There are 2 protein chains.
Amino acid sequence: MIISTKGKNALKLMLDLSLYQVEEYVKLGDIARREEISEKYLEQIVSYLQKSGKVKSARGAHGGYRLVKNPEEYTVGEIIKCLEGDMAPTDCVNRDDSPCKKRDQCFCYPLWNKLDKAMNEVLNHTTLQDLIDWKEEKEEDYE
Amino acid sequence: MIISTKGKNALKLMLDLSLYQVEEYVKLGDIARREEISEKYLEQIVSYLQKSGKVKSARGAHGGYRLVKNPEEYTVGEIIKCLEGDMAPTDCVNRDDSPCKKRDQCFCYPLWNKLDKAMNEVLNHTTLQDLIDWKEEKEEDYE
DNA sequence: CCCCTTTCCTACAAAAATAGTATGATTTAA
DNA sequence: TTAAATCATACTATTTTTGTAGGAAAGGGG
């Protein structure tokens with residue numbers, strides 16, 4: 001399992017906001033109940049999303065969280081990486097600033113690079129809206 | 001970093017065998033020195049590879065390890081997964097025997113499935129020989 | 001038969017990452 | 001003023017990772 005609960009819960013949280021925000025802010029307690037995640041744990045997770053500007057909040061009574069953009073404008077990659085770090089196969093990938101000194105002699109580096117690209121091809125080209133659409137398409141199949 | 005040192009070292013070990021085995025068995029001590037890995041740690045790693053039949057051993061003086069097949073017959077996926085487990089994005093993927101009960105209601109499952117397929121597309125279609133060939137091609141570029 | 005080399009086996013342990021809990025301060029609407 | 005909510009930080013238990021340690025077993029050469 002390469003995606004931890006933090007990443008998975010962040011994605012669930014963003015999906016929940018996509019589905020349940022209409023006009024008003026959504027309380028964390030409601031998300032916690034619907035998604036069956038500890039509210040205290042969600043507080044920790046949402047703070048990362050907030051600090052990177054992916055959600056905005058309102059404090060006090062009737063407060064909660066909202067998406068800043070539309071669901072089709074968030075990639076699942078940016079959400080998961082916000083919690084998981086850069087998700088590179090190894091620490092020698094994605095280091096254009098300070099590349100590994102043995103990189104050019106390394107038999108494995110091209111592999112890690114390909115793997116990284118393959119993962120990002122999925123993560124950076126799938127949006128929250130895609131996840132919602134895929135589910136709807138599947139439900140149509142049953143009708 | 002989703003590939004641990006165990007997986008990386010297993011791959012280095014198999015690559016080292018590919019490059020240095022001619023007729024005789026290769027000692028772990030030599031591999032440890034060339035690849036700069038603790039010999040004791042390598043012992044642990046090679047035992048997994050041996051138990052799954054990827055290498056064969058000879059004990060005693062002049063003993064060591066050899067590949068069972070040719071380098072082009074090993075995928076990097078089977079080597080890494082031998083040490084890392086199945087490398088699925090989440091534990092709900094690759095459970096055809098006992099699938100998650102919420103799978104059909106899950107917004108995320110299709111994503112994890114796509115990610116898994118994308119990773120395996122690379123891991124299961126790259127062989128040890130490919131890694132060696134890629135390096136040689138790169139070296140030709142400098143000539 | 002004895003010694004040296006090498007694999008084989010298993011237990012232990014330090015360090016880091018993961019998955020949360022706990023406590024309470026702060027802000028806001030009613 | 002009070003209740004509802006976010007915000008901040010510290011703590012902790014568990015698991016995973018990354019090895020180390022010690023010795024048993026096997027085989028080759030003298």
Side-chain angles (χ1 to χ4, degrees), chain A residues 1-13 17 20-21 23-33 35-66 80 82-91, chain B residues 1-13 17 21 24-33 35-68 80 82-91:
Chain A
M1 287 185 296
I2 66 179
I3 311 280
S4 74
T5 59
K6 253 150 75 172
K8 285 192 278 186
N9 288 340
L11 196 52
K12 285 184 185 177
L13 190 156
L17 284 180
Y20 290 97
Q21 74 175 19
E23 281 299 308
E24 71 285 12
Y25 286 81
V26 180
K27 285 182 290 190
L28 220 45
D30 289 343
I31 301 177
R33 195 164 11 81
E35 307 296 334
E36 297 179 289
I37 306 166
S38 139
E39 182 175 348
K40 278 297 184 185
Y41 197 20
L42 270 187
E43 280 185 9
Q44 222 175 89
I45 289 165
V46 81
S47 85
Y48 285 90
L49 297 168
Q50 159 132 309
K51 276 166 188 158
S52 67
K54 293 183 179 53
V55 300
K56 61 185 173 183
S57 70
R59 302 178 71 164
H62 299 110
Y65 295 92
R66 279 186 68 82
I80 292 171
C82 183
L83 277 287
E84 303 272 347
D86 74 352
M87 294 272 302
T90 66
D91 57 5
Chain B
M1 289 185 295
I2 66 177
I3 311 280
S4 75
T5 61
K6 252 150 78 174
K8 284 192 279 186
N9 288 340
L11 196 51
K12 285 184 185 176
L13 189 157
L17 284 180
Q21 74 174 20
E24 71 285 14
Y25 287 83
V26 180
K27 286 181 290 189
L28 263 196
D30 289 345
I31 301 177
R33 194 164 12 81
E35 307 297 332
E36 298 180 286
I37 306 167
S38 141
E39 182 175 350
K40 278 294 186 184
Y41 198 19
L42 269 187
E43 280 184 9
Q44 222 175 87
I45 289 164
V46 82
S47 85
Y48 285 91
L49 296 169
Q50 159 133 309
K51 277 168 188 157
S52 67
K54 293 181 179 56
V55 300
K56 61 184 173 185
S57 70
R59 301 176 71 161
H62 302 110
Y65 296 91
R66 280 186 66 82
L67 297 181
V68 170
I80 292 171
C82 183
L83 276 288
E84 304 272 346
D86 73 351
M87 294 271 302
T90 66
D91 56 6

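Bear in mind the structure is a predicted one, so any value in this text is a computation, not a measurement. Throughout, protein chains are lettered first and strands after them, A, B, ... in sequence-line order, and every chain is numbered starting at 1.
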Closest approach to the side chain of B:Thr5, judged atom by atom: which nucleotide of C:dT28, D:dG19, D:dT6 is it?
D:dG19
Result of checking B:Leu42, B:Leu13, B:Thr5 against B:Ile37 for side-chain contact (heavy atoms from CB on, under 4.5 Å)
B:Leu42
What are the two closest non-hydrogen atoms of A:Lys6 and A:Leu83, and how far apart are they?
O-CG, 3.8 Å
Contact nearer the 5' end of DNA chain C, comparing A:Glu84 with B:Gly29
B:Gly29
side-chain N/O B:Gln50 vs C:dC8 OP1/OP2, d < 4.0 Å:
yes
With respect to the phosphate group of D:dT20, does any side-chain polar atom (N or O) of B:Ser38 fall under 4.0 Å of OP1 or OP2?
yes
What is the separation between atom NZ on A:Lys27 and atom C1' on D:dA3, rounded to the nearest whole Å?
12 Å
I need the CG-P distance between B:Leu49 and C:dC9, as an integer number of Å.
14 Å
Using side-chain heavy atoms (C-beta onward) and a distance below 4.5 Å, is A:Glu84 in contact with A:Ile3?
yes
Specify the separation, in whole Å, of atom OH of A:Tyr25 and atom P of C:dT28.
11 Å
Taking CD1 from B:Ile45 and P from C:dC8, how many angstroms apart are they, rounded to a whole number?
15 Å
Residue-phosphate contact under 4.0 Å: B:Ser57 side-chain N/O, C:dT6 OP1/OP2
no
Taking only side-chain N and O atoms of B:Tyr65, does any of them lie within less than 4.0 angstrom of OP1 or OP2 on C:dC8?
yes
Scan B:Gln44 against the nucleic acid and name what it touches under 4.0 Å (heavy atoms): base, sugar-phosphate only, or nothing.
base
Give the rounded distance in Å between these two atoms: CD of A:Glu24 and C1' of D:dT6.
17 Å
Between the base of C:dT26 and the side chain of A:Arg59, is there any donor-acceptor pair under 3.5 Å?
yes
Applying the side-chain contact (heavy atoms from CB on, under 4.5 Å) test to A:Val46, which of A:Leu17, A:Ile31, A:Leu28 qualifies?
A:Leu28
Given D:dA8, C:dA29, D:dT18, identify the nucleotide with an atom nearest to the side chain of B:Tyr41.
D:dT18
Verify, without hydrogens or angle tests, whether B:Gln21 (side chain) and B:Val26 (backbone) share a donor-acceptor contact under 3.5 angstrom.
no
Verify whether one side chain among B:Lys54 and B:Ser52 offers a donor that lies under 3.5 Å from an acceptor in the other.
yes
For C:dC8, does OP1 or OP2 lie under 4.0 Å from any side-chain N or O of B:Ser47?
no
Check every atom of D:dA8, D:dG27, C:dT28 against the side chain of A:Lys51 and return the nucleotide holding the closest atom.
D:dA8
Below 4.0 Å: OP1/OP2 of C:dT21 and any side-chain N or O of A:Lys40
no
In whole angstroms, how far is the P atom of D:dT6 from the CG atom of A:Leu17?
11 Å
Starting at CG of B:Leu28 and ending at C1' of C:dC8, how long is that distance when rounded to a whole Å?
11 Å
Can you check the A:Glu39 CD to C:dT21 C1' distance for me, whole Å?
13 Å
Does a nitrogen or oxygen in the side chain of A:Ser4 sit under 4.0 Å from OP1 or OP2 of C:dA19?
yes
Is any side-chain nitrogen or oxygen of B:Tyr48 closer than 4.0 Å to OP1 or OP2 of C:dC8?
no
